[in-house]
Amino acid sequence: MQQFAVVATHSISQPEPEAGSATAVVQLVDAGGTALIPPMQVYGDQLPAVVAELEATHRPRWVFDSVHAWYPGLVAAGVRIERAHDVGLVRAILRNAPYAVPGEYLSALGREPDPANAAPAHLLPPARVPENQGELFSEPKDRSGALENVLAEFLAQRAAVPDTQRGAKLGLLLAAESAGALIAAEMTHAGVPWDVAEHHRLLHEALGPQVPAGVRPPRMEELAAQLRTLLDAPALNPDSPAELLKAMNRAGIAVSNTRAWELTEIKHPVIEPLLAYKKIARLATANGYAWVDRWVHGGRFRPEYIVGGVVTGRWASHGGGALQIPHQVRSAVRADPGKVLVVADAAQLEPRILAALSRDTALAAAATARDLYQGIADAGFGGDRAHAKVAMLGAMYGATSGESGRLMPQLKATYPQAVGLVEWAAAQGEAGAGVATFLGRGTPQAPEGWLKSRSRASTEAEQRAVEAEGRSRGRFTRNFIVQGTAAEWALCWMGELRRRMNAGRAAGVDTGELVFFLHDEIMLHVPAAQAQAVVDLVHESARSASELLFGKIPVDFPVTAVVVDSYDQAK
DNA sequence: AACTCGATTCAA
DNA sequence: GATATTGAATCGAGTT
C-alpha cells in the first residue's frame, strides 16, 4: 500500500501541547488521506531525525508545500529521501494542464492569478535561509501552511489526475517534476567543484594582475588606451556602447551598433583591439575576481535551481549565472583529488524528441544515425549537413526567412509528419489556442483580450503589430512542444539516474554526486574508481527514460558521457 | 538612492 | 524590410 508523509509547519486540529514550541508536524497517511499514525509534533531541530526514521521504516512519498522550502535543510542535516510530491510545483502544472480532470480544484486555480505571470522568481523573497538550524523549520504559522490544507490540496491534486492513459503521463510528469525538486536541492548542496587558484590563474593571464574593485584591469586599460588613440577619442569609455558608437561613426566606421559579431565584418585597425577588449571585458565583469569571491565558497559553486522556472518546463537558475558558464573559465571546474567529473549530454535531443512526438518514421530513421543531422542530410539534402541542420533548427524555432526559411519546403517534403506537427503547433498559437508537451504540460493561457485586440486593430501599424505578436506566439507554441518535451525527457533521465545512484549507495558503493544540470547536460563528481560504473548508469538511465516516456519506439536518444578532470576537457 | 530599460554577451 | 526558441547577468543611462 502506498503511503504518504505530509510535512507542514503546524496543524490546525491538533494544537501543540506546548504552544509555540513545535517547529513542524508530520502526518503519515494512506492514498485516501486517512491517518495511519497520530500526527507527530516535531520540536527544535528534530525534523531531520524524524524524517530519516520514517524514510527508513516506511519509505513514503513525502508531501511538501514546497520541496525548495523544506528539503535543503534536511539535506544539510545529512538526510535524503527517495520520493516527493511538491504541492506548489504540481499546482503550477495542473493550472495549465489540458488533460487534468475539470472540477472544483482546477476551477479554484483558474480563479486566482497565475503567479507565473507575476514577478520573476529571483525577485521574490527567498523561501528560506538555510543557515541557522535553530530557525530552519520555523515558518510563520498561517493557515495556508497548515498540515490539513497541504493534505487537502495534495488529495485534490491526486484526484485531478484522470485514470486514463493521458492521466498516467500527467502523473509521470508530476512525479518527475517533484523528483527534480529533490535533485535540485541535492545539487545545490553538493555544488560544482571549483578550483579558485586555476580561475585566478586564467584571470591573471587574460587581464593582468588583480586590481581593486572599480579599477580597470591592466590589460583592459592598455586596450582602452589603444582604442582612444585609434579612434582619436581621448575621453572614450569603451564600456559605453553609446560612446563607442559615436566615436566609431566619427572615425568613419559606418555601423549602427557595436555588437561583436557585426564588427568582425569590418576592416579597420580599431576592430581587432576592440574585439579583444570586449572579450576580456566580458570575462572581467561576468566571471572575474568579484564573481569568484561572491559565488565560490569552500571550493564549490552553488547556484540555486528554479525547477519549472521556465514556461516550457526547463529549469531556470539564480545566482552566479549558472546557465551560462562560459567555455573560457571551464578549466576552473575541476574534480577533487581522487575524483573525476563525468560530463554527459544528450546528443541532438530536440530533433529526436520531435521524431518521437510526431511519430515521423522517416525522421526516426534519420535519428538512428549517430549524427542525426547527417542522417537528415543524406535523406533529403544531398549529404549537405549544414543545410540539413539549419533547416531542422528553423523548423523547431519558426524561421520564415533567410536560408532556413527557403529550405523549409524541402524539409517538409522529406518529413511531412514532423514538420506538420510543429506547423500545427504554430497555427494553434497564432489562433490564440494552447498546446501541450508529450506528458501534458500546457502553455499558459494567452493573455486576456489577446484575440480581441487582434481584431480591433485599426491603423495599419497596429495591424502589423498584432500580426507580429501572433507570429511570435506561434513561434512560442511551435517551440514549446519540442523544448518542453525535451525538458521532460531530461527530467526523467536525471530521475532514473538518481534512483540508480541511490541504489548503488545503498549497496555500499560511493556513486558520487550529481553536481550540475543544464537543459540536456549533466555533470557528476565521482570517485575515480567508480567512473566507468557511473558512465554505465548514465547510459542505462537514458535508455530507461526514453522508454518511460515513449514506450518502445524506433527513436534513439544517444548520450555522450566522458570522464574528465576538468570541464574544459569535455567536448 | 533605487528603479527601469536597452544593449550586449554568455549558455543550451 | 526583416523576424528563429528559452534563459541570466552586467553595464550605462535615463527615470522616479
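All values below were derived from every heavy atom in this structure, side-chain atoms included, with hydrogens, water molecules and symmetry-related copies excluded.
- Within 4.0 Å (heavy atoms only), A/G320 reaches sugar-phosphate atoms of the nucleic acid but no base atom.
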What one-letter contact string describes nucleotides 6-12 of chain B from 5' to 3', where B marks a base within less than 4.0 Å of any protein heavy atom, S marks contact via sugar-phosphate atoms alone, and - marks no contact? --SBBSB

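- Rounded to whole Å, the distance from CG on A/L407 to C1' on C/dA4 is 14 Å.
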Which protein N or O atoms sit under 3.5 Å from an N or O of nucleotides 13-16 of chain C?
from: C/dA13; atom 1: OP1; to: A/S240; atom 2: OG; distance (Å): 2.8

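- Residue A/S401 has a polar side-chain atom (N or O) positioned under 4.0 Å from OP1 or OP2 of C/dT3.
- Atom CG of A/L203 and atom OH of A/Y289 lie 5.0 Å apart (nearest 0.5 Å).
- At distances below 3.5 Å, not a single donor-acceptor pair connects side-chain atoms of A/H525 with backbone N or O atoms of A/G191.
- In this structure, A/E350 does not pair ionically with A/R478, as no charged nitrogen and carboxylate oxygen lie closer than 4.0 Å.
- A salt bridge between A/R406 and A/E403 is absent, with no side-chain N of the basic residue lying under 4.0 Å from a carboxylate O of the acidic one.
- To the nearest angstrom, C1' of C/dA4 lies 14 Å from CD of A/E423.
- At a threshold of 4.0 angstrom between heavy atoms, the contacts of A/F480 with the nucleic acid are absent.
- No engagement by A/G313 is indicated, since no non-hydrogen atom pair under 4.0 Å with the nucleic acid exists.
- At a cut-off of 3.5 Å, with distance as the only test, no side-chain donor of A/Q428 or A/T477 sits close to an acceptor on the other residue.
- Between the CZ atom of A/R441 and the C1' atom of C/dT6 there is a distance of 13 Å, rounded to whole Å.
- Contact annotation for A/V311: backbone-only contact, meaning every heavy-atom pair under 4.0 Å involves sugar-phosphate atoms and none involves a base.
- In this structure, A/E262 does not pair ionically with A/K278, as no charged nitrogen and carboxylate oxygen lie closer than 4.0 Å.
- To the nearest 0.5 angstrom, A/F550 atom CZ is 8.5 Å from A/K169 atom NZ.
- With rounding to whole Å, A/W295 atom CH2 is found 13 Å from C/dA8 atom P.
- With both ends at atom P, the span from B/dT9 to C/dA2 equals 23 Å, rounded to whole Å.
- When the P atom of C/dG12 is taken as reference, atom CG of A/L236 falls 12 Å away, rounded to whole Å.
- Distance, A/R475 CZ to C/dT6 P: 8 Å, rounded to whole Å.
- C/dC11 atom P lies 15 Å from atom CH2 of A/W291, rounded to whole Å.
- Here A/G321 lies in heavy-atom contact (under 4.0 Å) with sugar-phosphate atoms only.
- Taking atom CE of residue A/M220 and atom C1' of nucleotide C/dC11, one finds them 11 Å apart after rounding to whole Å.
- With 3.5 Å as the limit, one finds no donor-acceptor pair spanning the side chains of A/Q483 and A/H519.
- With sequence neighbours excluded, no residue satisfies side-chain hydrogen bond (donor to acceptor under 3.5 Å, both in side chains) with A/S541.
- Note that CZ of A/R91 is 13.0 Å distant from CG of A/N96, once rounded to the nearest 0.5 Å.
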